Structures are given as structure tokens and as C-alpha cells.
Amino acid sequence: MSKSLKPESDKPSNDGSRRRLGPLSSNSAKGPRNPYNWLLLLALCCILALMLGKEIKGPESITMTKFKERVAKQVVEKVEIYETELIGYMKPDSLINEYAKSSKKFKVTLLPDPKEKLETYLEENQVPYELKHPSGIWTYVLPLVPWLLLIFLMYFLFFRQFRGAGGAGMLGSFGRSRHRVSSKDQVQVTFDDVAGIDEAKEEVTEIIEFLKNPKRFQRLGGRIPRGILLIGEPGCGKTLLAKAIAGEADVPFFSISGSDFVEMFVGVGASRVRDLFKQAKENSPCIIFLDEIDAVGRKRGTSVVGGHDEREQTLNAILVEMDGFTSSDQVIVIAATNRSDVLDHALTRPGRFDRQVYVPLPDVKGRYEILKVHARKVKLGHHVDLHRLARGTPMFSGADLEAIINEAALHATMQNKDFVEMVDLEEARDKVRWGRARRSRQVDEKEKLVTAYHEAGHALVQTLLEDADPVHKVSIIPRGHMGGATFSLPEKDRMFYTRKFCIAQIKICFGGRVAEEIFCHDISSGAAMDIKMATDLARHMLMEWGMSDKL
């Protein structure tokens, strides 16, 4: 179900005046009244009339004289005595003969005479009796309780679906959009919390400026992009950038995931898309954020179901709403995905997602800025060098860097430290990349010696080669699936690899195997990963990068 912004909040309109922002709901107060409420009220009135009227079916009513006649003929099986009446039950065999047309159950209105006389009379005629509490109206209400529960169940499961459908038709609340609405007061993320993606921030800054001052862009006849597609690897900050837009732009922010559109019922996704855009247009200017749009935006025609696929129907609804007859220039759609290659071409063409913003993995400068943003939440020691940590984390995403800061804070807490030190950050970096150190693992001394020579061979070759990165740390502590590791500290991020650097990396990979053969007079399976890395690098050099003189 969709949430609503605070009612009666003032928002600036396009002409500079103040307007009232109503609740973000597709139900209009001016719409027709729901006829099902009147049907429910009529059903309740009928039940009340039956309950209070004489038409309600109950026990057969007889006089006291006839009751005594039945007692004298010994056809009464038992009697229940209440405050103002008694309920009697006939014997089964008596209903066949003389009292065949009578009901098994009957009642007699009691006079204000003492009940002791009636009890004495029943005892003399050997009729079992039982004193009961006053029955009153509960005698009629209790049999109707199951029917009342059934009516209320039908109301909540069926009638409320039509009342809250919001134009969704027979789908009821299934067709309602499950988006979340946020205002500036609800989102605390701003552009100050986004680092390492300066170009992407500049792209979306134009959107925020347009929403705040649309006349500035319309003065020269320009049109702001209708949709922006954020593309990048997982954890690079696409969702964080969208949250920052919500914090900077003083407009409603509708956020929903692509998987929230698809259900097992056909037509639900398309109905939710229409409901989402309808509510957005009623509260324009606003922003719609579709996270993981590849869940519904894949290329059409690839499904085995055919054209009636639920996902394709949802995509068609998105295409129509973004560039149809009812499109609005004041509703901007922002989507995020890490699989832009599978998106339908009709979705990425100009007029729908006009601009595609690439959110890359941060470089060394970006990683340093990201570490500073996340380090504001923890207490760092005086000797912590975030720039050195940024150099030692190549190809790390923003989510990885945030995990490093968090893991370092947890590690320092477990060590009862007052500050997070550099050793905690390096341990957190190794844990995020390779896994927790397995210090409790029992390793044979001979295996330790082989591992030590192996890693020393990597470190020695890497130190002697001019085209390799400097050695940072060597460890023989098992971590993850590795028995040891040699860490380098790149001086810069590489946009491309040179032939000399690739050959140096291959030499470093085989340095461990050579060291085992020279000093241990044997070789082990510990070089399996090194051989795989060298083979993959050599295949790229020959088959893709053209670094061979013969091929």
C-alpha cells in the first residue's frame, strides 16, 4: 500500500505561488459512493428484523395445560428451566404417533409462581429437569453469530477490495501500487553523503534544479530529460544517489522496486504501473525511482510464454506512461540497474530514458572521499591513514568501503579499544576481500614452511620487477580458501594494462611455484590459483588485447 505525505503541506507551484499538497492517494473524495456499503447495511437490517421479529424460527410455544398433559402421558424426555420460561424436549418415539406434527423442542412461558412447585411436579412425574441461567436475547443472538462473522469476512475480503481499488477494477487492492513516498523531512541523505561519483552528481543536479525552478529551463525552449537511467556495478551508489536526490529536491519522491510490480495474477503489474503514475501526476512535480528495473524491463519476445507474459504487459504499461498521450513533463523517472544490456530498446530510447548516467567503481581519489564520508560515524585514531587504505583497495565499490569501516569499528570494539586504528582497518579490508582469518586451524609445520617459501617467492619477484606494484604485506595465515597471500599497494589506478605490466604479473604468479621447487625440492597444489590467474591473463593478452607478435 502507498504511504502519504503529511497533509496540507505547502509546496511551490510552477508559477511561484504556494499550493496545498493533498494526500497521495488515488481515491477521490468527489467520486461516487460505494454501492456495496448500502448492500451491507441492508443485509444487516434484514438480520436485525429477523432477530427481533416474530418470524424467526424457534421452539414450539405451548401452554402450561398442554405441557402437563404431555408430562402425564410420559412423552417429555427432559426439561430446562429458565427465569421466565422452560424448554422441553420430546421423546423420539412420541413424535411418530400422537405428536407426529409437533416439533421435538417446545417452550412454555412461566407464571410468577414459585419454581419449587414446578420442580416438585416434575419430580413426582419422574421428568429430569435442569436449572439454567437467564437466557434473554442471547437465545436468538448466539445462533446468528456465525452468519455475522461470515458477512464481515465477505466485507473485508471482497467489498473493501472494490472500495480501495483506486481504479484497479476487479483486481482490488492487488492493483494498487506498493511504492513508498518520501519527503525532504523523511530522507536524511544529501549530496554531502555521496562521494566518488562527481560526474553522476552533476547529471542529476540539473534535475533537481529543474524541479525547483522549471522556468529557468523553459525560458530557452529546452525540455528536461523525462527519464534518467543509472547504470553501474552493484554497490557503486546508484540507490544512494537516488536517496540524495530525495533529500535535495523539495518534491515528493516515489520509490519502488521492479519486482514489486510482478505478481502471480495477470494484469496486476500493469495496473500497479498505472496507479503509480496516476498518483505521481496528481502530485507533480515529483520524482519516481524504479530500483532494479531489469526485473520488468527485459527485452520483449524472449519469454516462452509469448506476448501474454505478465512481465511484458508491465513493461508495455511503463512505456505508455513514460511517453504516451497522458505524459507529463513534471514527472521525472529515475531507474537503476546493473544489467543495462538486457533492457528493451524501446525503454532506453530518447523520450523515455533520455539520459544514461554511468556510475563507475571509484578511483583512488573517490575511494578516499568515500572512506572519509563513512569515517565520520566512527572514532579514528591519530595514526590512521585513509589515503593509504584507499590505495590498498583497488576495484572496491562504495558498499565494500562502507563495510570496511563498519568491520573495523566492530573489530576495535571487540578488542576493547577507544579508537579505530590502522591495524583494524587493514584487518577489515582483508576480511571483506578474502574472508575471516582462520587462526584456529591446525596447520602442519611442513605445510607452514611450504606456504612461507611460496609467499616469499611472490614477494621477492614482485620486489625485483620494476613494472610491478610495490609489496604491501605478506601473510601465511589461512583466510577464506587461501593458505596465504601477498598483498600489493598500487600507487595509482590503471585505466589499461601495458604488455610489460602483464608479463610482470605472470612472473609474480609463478614466483611461488619456483620458490617451492628450489627450496622445498618439491611442488604442491598451492599454486593452482596462481596458474589459473596467469592462464586467464595470458589468454586475454593473446586473444583480446593483441599483445602477441605471432598471433
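The first residue of the sequence shown is numbered 1, and numbering continues consecutively from there. Every value quoted in this text rests on a predicted model; they were computed, and no experiment measured them.
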Are [X] and [Y] close enough that some pair of their side-chain heavy atoms sits under 4.5 Å apart?
| X | Y | value |
| --- | --- | --- |
| Lys299 | Leu343 | no |
| Leu290 | Leu276 | yes |
| Ile334 | Ile245 | yes |
| Ile81 | Leu122 | yes |
| His411 | Asn406 | no |
| Ile231 | Val357 | no |
| Phe106 | Ser61 | no |
| Glu203 | Ile228 | no |

Kindly give the heavy-atom pair with the smallest separation between [X] and [Y], and that separation in Å.
| X | Y | value |
| --- | --- | --- |
| Val373 | Asp192 | CG2-O, 3.9 Å |
| Ile405 | His374 | CG2-O, 3.7 Å |
| Tyr358 | Gly232 | CE1-CA, 4.3 Å |
| Ala408 | Ala428 | N-CB, 3.5 Å |
| Ala335 | Ile293 | CB-CD1, 3.8 Å |
| Val378 | Ala409 | CG1-CB, 3.9 Å |

Exercise for review: Give me the one residue out of Val127, Leu118, Val108 that meets side-chain contact (heavy atoms from CB on, under 4.5 Å) with Val79.
Suggested key: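 By the side-chain contact (heavy atoms from CB on, under 4.5 Å) criterion, Val79 pairs with just one of Val127, Leu118, Val108: Val127.
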Drop me the distance from [X]'s [atom1] to [Y]'s [atom2], to the nearest 0.5 angstrom.
| X | Y | atom1 | atom2 | value |
| --- | --- | --- | --- | --- |
| Thr65 | Lys68 | OG1 | NZ | 7.0 Å |
| Cys236 | Ile370 | SG | CD1 | 8.5 Å |
| Ile288 | Ile256 | CD1 | CD1 | 9.5 Å |

Check your understanding: Should the pair Lys78 and Tyr129 be classed as cation-pi, given the thresholds of under 6.0 Å to the six-membered ring centre and 45° from the axis?
Key ->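 Verdict for Tyr129: no cation-pi partner in Lys78.
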Practice item. Establish, yes or no, whether the cationic atom of Arg272 lies under 6.0 Å from the six-membered ring centre of Phe277 and within 45° of the ring axis. Key: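 The answer is no; the distance or angle limit is not met.
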**Study point:** Qualifying residue for salt bridge (Lys or Arg N to Asp or Glu O under 4.0 Å) with Glu321, from Arg352, Lys278, Lys281
**Key:**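 Option passing the salt bridge (Lys or Arg N to Asp or Glu O under 4.0 Å) with Glu321: Lys281.
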Any donor-acceptor N/O pair, [X] side chain to [Y] backbone, under 3.5 Å:
| X | Y | result |
| --- | --- | --- |
| Lys238 | Leu229 | no |
| Lys201 | Val194 | yes |
| Glu248 | Phe191 | yes |

Exercise for review: Inspect the contact between Lys107 and Glu60 and indicate whether a charged nitrogen and a carboxylate oxygen are less than 4.0 angstrom apart.
Suggested key: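 Between Lys107 and Glu60 there is no salt bridge, as every charged N stays at least 4.0 Å from the carboxylate O atoms.
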Check your understanding: Between Lys431 and Asp424, is there a salt bridge with N-O shorter than 4.0 Å?
Key ->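 No, no charged N to carboxylate O under 4.0 Å.
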Check your understanding: Quick one: side chain to side chain donor-acceptor pair (under 3.5 Å) partners of Lys73, sequence neighbours excluded?
Key ->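 With sequence neighbours excluded, Lys73 shows a side chain to side chain donor-acceptor pair (under 3.5 Å) to Glu98, given in chain and number order.
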Review point. Can you name the residues that form a side chain to side chain donor-acceptor pair (under 3.5 Å) with Gln74, not counting sequence neighbours?
Key: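 Testing Gln74 for side chain to side chain donor-acceptor pair (under 3.5 Å), a comparison that skips the adjacent residues, returns none.
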Point to revise | Side-chain H-bond candidate by donor/acceptor type, Asp294 with Thr337, under 3.5 Å | key: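 Asp294 vs Thr337: donor-acceptor pair found between side chains.
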Review point. Judged by modelled atom types alone, do Asp275 and Gln279 share a side-chain donor-acceptor pair under 3.5 Å?
Key: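 Side-chain D/A pair, Asp275 to Gln279: present.
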Review point. Could you go step by step and tell me if Cys286 and Phe253 meet the side-chain contact (heavy atoms from CB on, under 4.5 Å) rule?
Key: CA-CA 6 Å; Cys286 64; Phe253 185 82; over 6 Å; no
Exercise for review: Check the pair Leu315, Leu347 against side-chain contact (heavy atoms from CB on, under 4.5 Å), reporting the backbone distance first and the verdict last.
Suggested key: CA-CA 8 Å; Leu315 175 59; Leu347 192 64; 4.1 Å; yes
**Study point:** Verdict with supporting geometry, Tyr89 and Glu80, side-chain contact (heavy atoms from CB on, under 4.5 Å)
**Key:** CA-CA 9 Å; Tyr89 297 87; Glu80 296 176 353; 3.6 Å; yes
Check your understanding: Run the salt bridge (charged side-chain N to carboxylate O under 4.0 Å, His left out) check on Arg376 and Asp193 step by step: do they pass?
Key -> CA-CA 10 Å; Arg376 294 183 305 196; Asp193 301 317; 2.9 Å; yes
